[in-house]
Amino acid sequence: MKQKIIRSDSVAGDLNDLLFSLSYNGLFLLTDENTQKYCFPLIQSVPEMASAKAFFIPAGDGNKNIASLSKVWEFLSQNSANRKSLLINLGGGMLTDLGGFAAATFKRGIRFINIPTTLLGAVDAAVGGKTGVNFNGLKNEIGAFAPALAVVIDSGFFKTLDVPNLLSGYAEMLKHALLDSPLSLDKILHFDWDTIDYQQLNNLLFESVLVKERIVEEDPTEQGIRKALNLGHTFGHAFESLSYELKRPVLHGYAVAWGVVCELYLSFVKLGFDRNILMQITRFVKENYGAFAFDCTQYQRIYELMQHDKKNESGLINFSLLKSVGNIEINQTASRQEIGEALDYFYS
Ligand code: GLY
C-alpha cells in the first residue's frame, strides 16, 4: 500500500484538507508530553480536532514499550474506537513507531496518519511502514509493517529543534543521498550549517523522503533491496549501544554518520568504492559530527554488539555497502580484522 506523503507549509491547512477528504468514525490523537505542549497548538485550530479524543504518553525511547502501548489500546477501547476510526500520531520516531503499532493491532488494524515533529522522524521513522516497540531490552523487537495512510511533513516543526537534533536527522539524509545519486550527495554535502535555510532544508528533506519511499515501494517488507536503508547502521547501532553502555548516550544520527564512514571504508576495501568520495564524506562527518571517544580496548565490544545485530543471517554480520554512489550491494559481510581496520580508519 502506497503512503500519501504530503509536503506541507501549513500543517493545519493540510491536515484540515486531508481529514475533509476522508470518511471515518471517531478521530483520535496520540502525542507525547512534549509534542502535546509544543506541537499540538499548531493543529489545534483544525475544526475536526475539536471532536478528537486525545491521549499522551511520556516522552523518550525508554517509554516505547508494551506498558505505553497497552495504555494506548486501553484509551482507544474505552473511547469506543472502531475499525473505521482514525488515529493521528503527532511526534518523533518513538511516537509514530508506537502509535503506528497500536493502530496496526487495535481491532486488527485501524488507519492512522503520521505527523512527524523531528527531522529524524520525518526522514525515517514516520515513512515506510515500520512500526513497533522495544521489548526485553531489544529495540523494535515487537512490531509490524503497517504504512500510515498519509504522512504530513511540515518543516515548521523543525525550527524549534537544536542543531544536534537537526544533524541527527541529516545523517539519514546523507545515507539516502549515498543510495541515490552523485547529484543528491553533492547537494547534501554543500548545505550551509552556519546559516540554516529552512526552505532549502525542506527541499532536501523532501527529496530524501522520496528516495526512501522508492526503495520501500520496491520491497516493503525488507526481503531484499530495502536492506540498503541499513547502510551505516551495522556499525551505527553498535556505536549507539556502546554509547549507552558507557553512559555517554549519543543521538541516533550521530552513530549512523560514524557508521556510514566505517561502512564506506569497507565499501572501498571490498567493492572498490571511490577513495576520494570516502575521504570527502569522512571530512564532512568529522567536521559536523565529531567522533565518539573510545579506544581500541572497546573494539571487541563493538564487534560483539555487531554480532548480535538482528539484521545478521547464518551467524554472519550483515552489511549493506556501496560499489559507487547509487550502486548498492546488500548482504555483504566482513571479517573481524576488516571491521577493526574500518575502526582504525575512522580513528586515524
Ligand atoms: N529505517 C530503515 C527502514 O525503514 O527500513
Side-chain angles (χ1 to χ4, degrees), residues 1-5 61 64 89 91-101 103-104 112 114 116-134 138-151 153 165 167-180 184 188 205-241 250-260 263 306 309-313 317-322 328-332:
M1 196 207 298
K2 193 167 162 34
Q3 291 181 313
K4 185 169 180 173
I5 311 269
D61 200 67
K64 196 174 110 177
N89 296 316
M94 173 273 189
L95 195 285
T96 56
D97 276 4
L98 187 144
F101 188 54
F112 64 100
N114 284 340
T117 56
T118 63
L119 187 61
L120 181 62
V123 76
D124 195 18
V127 178
K130 281 188 180 175
T131 68
V133 293
N134 305 330
L138 298 168
K139 280 181 74 84
N140 303 322
E141 181 73 347
I142 307 292
F145 287 102
L149 186 68
V151 185
I153 300 178
N165 273 289
L167 279 168
S168 183
Y170 203 73
E172 296 286 358
M173 291 166 61
L174 169 66
K175 176 195 81 179
H176 290 162
L178 281 161
L179 299 178
D180 188 44
S184 298
I188 288 287
L205 162 65
F206 216 71
E207 286 174 23
S208 193
V209 167
L210 295 184
V211 173
K212 173 159 184 182
E213 208 196 11
R214 267 203 308 277
I215 293 173
V216 170
E217 251 176 59
E218 222 180 296
D219 175 24
T221 57
E222 201 168 307
Q223 305 303 308
I225 194 62
R226 185 170 181 161
K227 290 184 189 174
L229 295 170
N230 295 329
L231 174 68
H233 284 67
T234 306
F235 273 93
H237 282 151
F239 286 138
E240 199 174 3
S241 301
V250 297
L251 293 171
H252 175 72
Y254 279 63
V256 169
W258 303 329
V260 162
E263 293 179 24
M306 284 170 136
D309 194 304
K310 65 170 170 291
K311 298 188 294 293
N312 297 342
E313 285 165 25
I317 300 176
N318 191 289
F319 293 95
S320 300
L321 302 179
L322 291 180
I328 304 149
E329 288 281 325
I330 58 168
N331 295 331
Q332 300 295 299

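We use all heavy atoms of the structure for the numbers below, so side chains are in, but hydrogens, waters and symmetry mates are not. Counting starts at 1 for both ligands and their atoms, following the listed order.
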**Student:** Check whether the side chains of Asp61 and Asn134 place a donor and an acceptor atom closer than 3.5 Å, and report yes or no.
**Tutor:** yes
**Student:** May I ask you to check whether Glu240 and His233 show a side-chain donor-acceptor distance below 3.5 Å?
**Tutor:** no
**Student:** So which atom in His176 and which in Val211 form the shortest heavy-atom distance, rounded to 0.1 Å?
**Tutor:** O-CG1, 3.6 Å
**Student:** Relative to ligand 1, is Glu222 under 4.0 angstrom through side chain, backbone, both or neither, heavy atoms considered?
**Tutor:** side chain
**Student:** Mind checking whether Lys175 has an N or O less than 3.5 Å away from an N or O of ligand 1?
**Tutor:**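 No, Lys175 has no N/O under 3.5 Å of an N/O on ligand 1.
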**Student:** Can we say Arg214 and Glu217 salt-bridge, meaning some charged N sits less than 4.0 Å from an Asp/Glu carboxylate O?
**Tutor:** no
**Student:** Would you kindly specify which portion of Asp124 sits under 4.0 Å from ligand 1, judged on non-hydrogen atoms: side chain, backbone, both or neither?
**Tutor:** side chain
**Student:** Using a 4.0 Å cut-off to any heavy atom of Lys212, which atoms of ligand 1 qualify?
**Tutor:**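 Going through ligand 1 atom by atom, the ones under 4.0 Å from Lys212 are 1 (N), 3 (C), 4 (O).
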**Student:** Is the shortest N/O to N/O distance between Arg226 and ligand 1 below 3.5 Å?
**Tutor:** yes
**Student:** Charged N to carboxylate O below 4.0 Å: is that the case for Asp219 and Lys227?
**Tutor:**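 So Asp219 does not pair with Lys227 through a salt bridge.
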**Student:** Contact between Lys227 and ligand 1, counting heavy atoms under 4.0 Å?
**Tutor:**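 Under 4.0 Å: no for Lys227.
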